[in-house]
Asker: 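This is the structure I want to talk about, given as structure tokens.
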Amino acid sequence: MTAAETGRRVAIVGVSLSDCGRVDDATPYALHAQAARRALTDSGLDREVVDGFASAGLGTLAPAEVAEYLGLRPTWMDSTSVGGSTWEVMAAHAADAIAAGHANAVLLVYGSTARADIKAGRRTGNLSFGARGPLQFEVPYGHTLIAKYAMAARRHMHQYGTTLEQLASVAVQARANAGPNPEAMFREPITVDDVLSGPMIADPFTKLHCCIRSDGGAAVLLAAEEYVRDCRSTPVWILGTGEHVSHTTMSEWADFTVSPAAVSGRLAFERAGVRPREIDFAEIYDAFTYMTLVTLEDLGFCGKGEGGAFVEEGRLTLTGDLPVNTDGGGLSAQHPGMRGLFLLVEAVRQLRGEAGEGRQVRAADGGTPRLAVASGTGGWFCSSGTVVLGRG
């Protein structure tokens with residue numbers, strides 16, 4: 001059941017990031033708290049209003065441990081953990097809970113010191129999901145997470161003629177968008193040649209085809225429409241959501257050129273009652289350049305196999321036909337792990353017209369954008385959550 005079906009509308013009323021980038025003197029719990037406090041301040045609501053809480057990725061009993069650290073005692077909670085799409089899926093669950101009257105205000109929070117932990121020797125650069133269950137059939141062959149994305153990219157290149165230069169242009173445009181963003185970790189311009197000439201990580205991905213590793217946190221507060229009048233900022237409404245699980249074993253993925261966003265996006269647009277061509281900008285999970293390209297296809301911004309041509313010629317930049325990852329994305333801004341919550345923060349800031357000098361996206365008529373989509377992908381294209389957002 002959606003908000004539109006119950007009549008109780010749901011808005012995002014507060015967003016914030018914690019300190020991001022290189023944060024060597026904070027714990028993940030501290031980043032959660034910093035982001036949460038800032039989001040509540042942004043909303044103008046008192047913490048006593050928050051009766052719902054969602055978090056994943058930290059602690060043995062997430063979100064209980066994080067809620068306790070923040071001094072919250074929620075009567076609604078969610079700990080859904082599906083990788084990068086976690087936060088779009090959580091936003092969908094929270095919106096439905098609020099619409100149904102099970103909660104009034106739900107706080108989503110994430111924080112990670114992924115970069116600092118490696119620098120301090122608290123973890124290694126390897127990411128392993130274990131070797132039990134279905135993964136036991138892939139692990140013996142050294143099939144790493146990045147190898148799965150790389151193999152999918154190669155299939156798209158083979159099937160549709162997508163080029164390395166087209167994939168590289170995604171990274172170049174993400175860096176261009178990061179340039180005017182003071183919160184972005186890497187802001188210096190790069191070229192297609194820079195991307196192509198970098199060290200090979202997993203063919204065809206060189207280093208700049210891959211997301212950065214950073215520290216950081218984010219928080220988003222959703223609330224029922226009756227609380228909006230008490231908020232400081234323009235509400236950004238949840239218009240429609242969708243979620244989908246595609247596969248976990250690569251042998252069960254029917255088509256490497258189709259991501260689960262093909263389903264989650266269709267559902268979100270249908271429930272929002274809008275079409276892709278009405279969207280002013282998009283925030284898309286970009287752990288690798290191929291993710292951006294194929295998700296654009298699957299959300300309906302171009303036809304299947306046309307993503308390579310679509311991303312050329314600056315279309316994704318702040319002044320392009322469809323600005324994408326307007327903060328610089330995971331390729332340049334920040335990527336502390338499950339980055340999906342950062343997509344929602346950036347989308348809200350842009351829809352409010354608060355992105356700042358040189359960063360604010362404009363609608364076709366020159367005004368503040370009205371519609372946006374945030375689409376997160378989890379695992380190795382295993383899951384997707386898509387949220388359509390609207391201003392005013």
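All of these numbers come straight from a predicted model, not from anything done at the bench.
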Asker: Main chain of T191, side chain of D194: is a donor-acceptor contact present, judged purely on distance under 3.5 Å?
Answerer: yes

Asker: So, the side chain of R339 versus the backbone of Q334: is there a donor-acceptor pair under 3.5 Å, distance only?
Answerer: yes

Asker: Could you name each residue pair satisfying side chain to side chain donor-acceptor pair (under 3.5 Å) that touches residues 383-392, not counting sequence neighbours?
Answerer: S85-S383, S264-S384, S264-T386, S375-T386

Asker: Should we say atom CD of E313 is surrounded by more than 12 heavy atoms from elsewhere, each under 6.0 Å from it?
Answerer: no

Asker: Quick check for you: to the nearest 0.5 Å, what is the distance between D42 atom CG and R37 atom CZ?
Answerer: 14.5 Å

Asker: With sequence neighbours left out, write down each residue that passes salt bridge (Lys or Arg N to Asp or Glu O under 4.0 Å) with D365, or none if nothing qualifies.
Answerer: R370

Asker: Can you see which heavy atom on A62 is nearest to which on S79, and at what distance?
Answerer: O-CB, 3.1 Å

Asker: Between Y69 and Y29, what is the ring plane arrangement, given parallel below 30°, perpendicular above 60°, and tilted in between?
Answerer: tilted

Asker: What residue pairs, at least two apart or across chains, pass side chain to side chain donor-acceptor pair (under 3.5 Å) with a residue in residues 228-240?
Answerer: none

Asker: Where does the angle between the aromatic ring planes of H247 and W253 fall among parallel (under 30°), tilted (30 to 60°) and perpendicular (over 60°)?
Answerer: parallel

Asker: Keeping to residues at least two apart or across chains, list the side chain to side chain donor-acceptor pair (under 3.5 Å) pairs with something in residues 195-207.
Answerer: R154-D203

Asker: Have a look at T326 and tell me which of L316, L318, T317 forms a side-chain contact (heavy atoms from CB on, under 4.5 Å) with it.
Answerer: L318

Asker: Can the ring centres of F381 and Y149 be said to be less than 6.0 Å apart?
Answerer: yes

Asker: How far apart are the closest heavy atoms of T248 and W380, and which atoms are they?
Answerer: O-NE1, 2.6 Å

Asker: Treating Q166 as the side-chain partner and T162 as the backbone partner, does any N or O pair qualify as donor plus acceptor under 3.5 Å?
Answerer: no

Asker: Please evaluate residues F256 and H158 with respect to the criterion ring-ring contact (aromatic ring centres under 6.0 Å, His included), reporting the C-alpha separation (whole Å), side-chain torsions for both, the decisive distance (0.1 Å), and the verdict.
Answerer: CA-CA 11 Å; F256 286 8; H158 170 77; over 10 Å; no

Asker: Please check: side-chain N/O of Y227 versus main-chain N/O of L222, any donor-acceptor pairing under 3.5 Å?
Answerer: no

Asker: Any chance you could measure L296, atom CG, to M291, atom CE, to the nearest 0.5 Å?
Answerer: 11.5 Å

Asker: Considering only NZ, NE, NH1 and NH2 on the basic side and carboxylate oxygens on the acidic side, decide whether D24 and R115 come within less than 4.0 Å.
Answerer: yes

Asker: I want to check a possible cation-pi pair here: R315 against F310, using under 6.0 Å from ring centre and within 45° of the ring axis as the test.
Answerer: yes

Asker: In terms of hydrophobic clusters joined by side-chain contacts under 4.5 Å, are V294 and M250 together?
Answerer: yes

Asker: Around atom CD of E226, are there more than 12 heavy atoms from other residues, nucleotides or ligands closer than 6.0 Å?
Answerer: yes

Asker: Taking the six-membered ring of F186 as reference, does the cationic atom of R22 (NZ for Lys, CZ for Arg) lie under 6.0 Å from its centre and within 45° of its axis?
Answerer: yes

Asker: Hydrophobic cluster mates of L31, side-chain heavy atoms under 4.5 angstrom, ILVMFWY only, any path?
Answerer: V23

Asker: Kindly compute the distance separating OG1 (T257) from CZ (R155), expressed to the nearest 0.5 Å.
Answerer: 7.5 Å

Asker: Any chance you could pull the hydrophobic cluster mates of M200, using side-chain heavy atoms under 4.5 angstrom and chaining through other members?
Answerer: none

Asker: Spell out, as yes or no, whether a donor-acceptor pair under 3.5 Å connects the side chain of N177 to the backbone of D327.
Answerer: no

Asker: Is it the case that over 12 heavy atoms from other parts of the model lie below 6.0 angstrom from the CZ atom of R277?
Answerer: no

